[in-house]
Protein chains: 6
Amino acid sequence: MKIAVFRKAHFNAAHRLHNPDWSDEKNKEMYGVCNNYNYHGHNYDLEVKVVGEVDPESGYLIDLKRLKDIIKEKVENKFDHKNLNLDVPEFANWPTSTENLCYLIWDIMQKSLGDQYEVTIKLWETPRNYVQYPANG
Amino acid sequence: MKIAVFRKAHFNAAHRLHNPDWSDEKNKEMYGVCNNYNYHGHNYDLEVKVVGEVDPESGYLIDLKRLKDIIKEKVENKFDHKNLNLDVPEFANWPTSTENLCYLIWDIMQKSLGDQYEVTIKLWETPRNYVQYPANG
Amino acid sequence: MKIAVFRKAHFNAAHRLHNPDWSDEKNKEMYGVCNNYNYHGHNYDLEVKVVGEVDPESGYLIDLKRLKDIIKEKVENKFDHKNLNLDVPEFANWPTSTENLCYLIWDIMQKSLGDQYEVTIKLWETPRNYVQYPANG
Amino acid sequence: MKIAVFRKAHFNAAHRLHNPDWSDEKNKEMYGVCNNYNYHGHNYDLEVKVVGEVDPESGYLIDLKRLKDIIKEKVENKFDHKNLNLDVPEFANWPTSTENLCYLIWDIMQKSLGDQYEVTIKLWETPRNYVQYPANG
Amino acid sequence: MKIAVFRKAHFNAAHRLHNPDWSDEKNKEMYGVCNNYNYHGHNYDLEVKVVGEVDPESGYLIDLKRLKDIIKEKVENKFDHKNLNLDVPEFANWPTSTENLCYLIWDIMQKSLGDQYEVTIKLWETPRNYVQYPANG
Amino acid sequence: MKIAVFRKAHFNAAHRLHNPDWSDEKNKEMYGVCNNYNYHGHNYDLEVKVVGEVDPESGYLIDLKRLKDIIKEKVENKFDHKNLNLDVPEFANWPTSTENLCYLIWDIMQKSLGDQYEVTIKLWETPRNYVQYPANG
């Protein structure tokens, strides 16, 4: 029996959208207030979807305690109360857009859980804007 | 990298469910209180899902400011603080069900954004009832 | 032991803001899009706060089933799927502002529950705008 | 025109996770506090997704009043204010995990609505943990 | 500068409403389905309001980490994944109504925080029903 | 007729908790991860409560369009997409705690609206932690 389990988490981080290959004018034009020199920040909300087979004995797809601990260790500890541009090496030369952050979290979670599970990530930058990878997961 | 971006919006409108080809009795039987002669109304909540390729330079699927402006101009301005039956020409001879309104908004948004993007619409009539088109988008 | 119990409810209604003593221009200027001739509408959310003494035997301030039934009979049945301007006699010559509607619901609930209880009403016209009467209840 | 309609519902129930084929130690290790001997409980939130063809005359996929009544009669009446382990025969020898409960509700709703509709169930055990069957419905 | 700080928490518990001094008929009549012999349960949501003076040096009313730890140790550990009737000694002869549970949590938190702070508790049994003590805190 | 009107708003900002009069050790001990050198950030949610007399002619306490514009101009424009420590002069030597930010917003709004109205501010740093000034407003 294939089923999906979802777990929510969140973290608070500072960032600015800035592409160092572009002029200040082009950055301003493309990113608007999100390019603010001194950073701004968000309460990011995260939803991890895990698809796989239910174990008939326990009735579990995955122990939620284990899923919660992996999210805590691999995602929350890496991003919470951090500056995405300065404290996260992957973003040294990569724009900190919600799209890119969502893909990075998917990559972390899919590798942590292994091929037995299919992972989909939803990431809210604000309650009105969010992103999902894979697009139809 | 194919990804999905979601943007929420809302509008407030009056409507009544009524099929002019039916008798008053059949309208009452089919639509119940939603057929009230003097209209009733809703705070409609809307979620626009846009699927496409991320631009590697900007990290954006679509500039959210542009998406927000299109929703404002093409959807909110058309329906907000309006009577769907009397103020929206498309509903002159078409029931103002949430299903039909959802399809109409999908049609507007898909045409506005073009073939480069795949659009899916969720439309809430109340927090407990909502509709999605396409069904598995 | 004095305690407060809260119960939520909701209803959907059409209305327009319009003062018949004013010119069309003054109505437009004061009420903007809320003055739309053909009405618009809302999902009104309601919270009834009831303050009184807990009955030590049952541990209840008030039987919530009874409170729910009074709200249903006196408030939801009166306003749900109605046009506030046309279907509610109290608004024949009184603007259908959220302030006035909140006061009217307070008056109905306070009289229905009697002097043994102190009632406060919160009324949401949208998730971002709401009203409370009494102001510090 | 194929479309999806969603309806939310909820019920409150007690349960404990326990596999009678296992030792007390194994149950404790697998299920942790969820194995508490005297039960604990949840406000389960439910979302029923129904996919099918819109009737062009009424503009309805399904009469929401009928959908609401089926959910009430077949799901809420069966589980609300019950002990899943003791009051629901299907769980006599089957763990009361959210996964299994979600599948059971799907089975009930799909059979009640018939082959004309495709049903998907989301079931929240808490606001942060939920399950969906079918996984990609 | 007197200010209020609020912190949310939650716990999941089983209970039944039952007064052992009453006949089964009277219990059934007063409490309805909440009297179910085998218990039912809830996700209780809790909001702790703490009023006091801000420390001008730190800008804090109270260290939220300390407040969170007290709520965890004194409230969540006592009630989470428990049966209120069987696992909580205070309810041996006292109905497990939301009113009484709210008062008990207020008493625990006010004593834990001391006279320097004024505590108010809001306790949700469901998203539509909740209780506050003190009534106007 | 004295009534209360509430309006919600939000802004996204970066900050760090840091008292320059303290050693790095004391800052770390008091503020924990909130002291992160490179800042972190939040989606701040704001609720402005305005108490006053309803105008009997219009049925309005205050034109919500005017209230929305004042909040936009005086609060959102000042804090949104900013770094509270670096971009807001009032915080040059004052910790950017939620308590202090809430008081500052109250001071701005009370002065903007004038003595005819009594203002109360609620400010959410996260969905689980928030602050109110005045404490019993």
Side-chain angles (χ1 to χ4, degrees), chain A residues 4 15-23 25-36 40 42 44-47 49 84-85 88 90-107 110 119-137, chain B residues 1-12 43-73 75-76 80 105-106 109-110 113-124 127 130 132-137:
Chain A
H15 85 131
R16 72 181 291 224
L17 287 170
H18 184 76
N19 183 331
D21 296 341
W22 294 345
S23 67
E25 286 69 30
K26 181 154 184 202
N27 271 292
K28 198 81 195 164
E29 190 197 319
M30 177 59 89
Y31 294 131
V33 292
C34 300
N35 182 240
N36 179 46
H40 63 285
H42 297 291
Y44 289 95
D45 276 305
L46 175 68
E47 186 183 272
K49 181 187 183 185
L84 300 181
N85 300 62
V88 178
E90 286 89 341
F91 286 119
N93 291 298
W94 200 36
T96 58
S97 67
T98 321
E99 288 90 333
N100 288 346
L101 182 54
C102 182
Y103 177 82
L104 176 57
I105 293 171
W106 173 82
D107 189 54
Q110 184 65 71
V119 174
T120 301
I121 300 294
K122 278 190 181 167
L123 182 68
W124 282 256
E125 197 185 59
T126 75
R128 302 189 76 172
N129 300 319
Y130 66 102
V131 162
Q132 181 185 294
Y133 184 86
N136 294 308
Chain B
M1 187 173 83
K2 219 173 181 176
I3 210 163
V5 164
F6 302 74
R7 169 85 196 163
K8 300 214 170 207
H10 62 264
F11 53 89
N12 311 321
N43 302 337
Y44 289 94
D45 276 305
L46 175 69
E47 185 183 273
V48 179
K49 181 188 183 186
V50 181
V51 173
E53 292 287 330
V54 171
D55 171 54
E57 264 194 288
S58 67
Y60 273 4
L61 169 69
I62 185 173
D63 180 357
L64 273 178
K65 176 82 175 58
R66 193 189 140 218
L67 179 57
K68 183 184 169 181
D69 288 348
I70 292 173
I71 297 171
K72 173 89 182 142
E73 187 193 333
V75 179
E76 293 182 33
D80 192 36
I105 294 172
W106 173 81
M109 288 302 303
Q110 183 65 69
L113 288 169
D115 287 350
Q116 173 184 7
Y117 299 108
E118 278 167 71
V119 174
T120 301
I121 300 294
K122 278 190 180 165
L123 181 67
W124 282 256
Y130 67 102
Q132 181 185 295
Y133 184 85
N136 294 309

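Chain letters run A, B, ... following the sequence lines, proteins first and then strands; every chain starts at 1.
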(request) Counting only heavy atoms closer than 4.5 Å, note whether Leu64(B) contacts chain A via side chain, backbone, both or neither. (result) side chain
(message) Can you list everything that forms a salt bridge (charged side-chain N to carboxylate O under 4.0 Å, His left out) with Asp107(A)? Sequence neighbours excluded, please.
(response) Lys111(A)
(request) Please flag which part of Val5(B) lies under 4.5 Å from any non-hydrogen atom of chain A: side chain, backbone, both or neither. (result) both
(request) Could you walk me through whether Asp45(B) and Leu123(B) pass the side chain to side chain contact (heavy atoms under 4.5 Å, CB included) test, one step at a time? (result) CA-CA 6 Å; Asp45(B) 276 305; Leu123(B) 181 67; over 6 Å; no
(message) Among residues at least two apart in sequence or on other chains, which ones pass side chain to side chain contact (heavy atoms under 4.5 Å, CB included) with Asp55(B)?
(response) Glu57(B), Ser58(B)
(message) Is Leu101(A) in contact with chain B via its backbone, its side chain, both, or neither, using a 4.5 Å heavy-atom distance?
(response) neither
(request) Evaluate the criterion side chain to side chain contact (heavy atoms under 4.5 Å, CB included) for residue pair Asn36(A) and Arg16(A); output intermediate values, then yes/no. (result) CA-CA 6 Å; Asn36(A) 179 46; Arg16(A) 72 181 291 224; 5.9 Å; no
(request) Could you list which of residues 46-53 of chain B have a heavy atom closer than 4.5 Å to any heavy atom of chain A, in residue-number order? (result) Glu47(B), Lys49(B), Val51(B)
(message) A quick test of your reading: do over 12 heavy atoms of other residues, nucleotides or ligands sit less than 6.0 Å from CD of Glu90(A)?
(response) yes
(request) Could you list the residues that satisfy ring pair (Phe, Tyr, Trp, His ring centres under 6.0 Å) with Phe11(B), not counting sequence neighbours? (result) Tyr44(B), Phe79(B)
(request) Examine whether an atom of Asn129(A) lies under 4.5 Å from a heavy atom of chain B, and if so say whether it belongs to the side chain, the backbone or both; otherwise answer neither. (result) both
(message) Looking at Lys68(B) and Glu73(B), is any side-chain nitrogen of the basic one under 4.0 Å from a carboxylate oxygen of the acidic one?
(response) no
(message) Given heavy-atom pairs under 4.5 angstrom as the criterion, report whether the side chain, backbone, both or neither of Trp94(A) touches chain B.
(response) neither
(message) Please verify the inter-ring angle class for Trp124(A) with Tyr130(A); under 30° counts as parallel, over 60° as perpendicular, anything in between as tilted.
(response) parallel
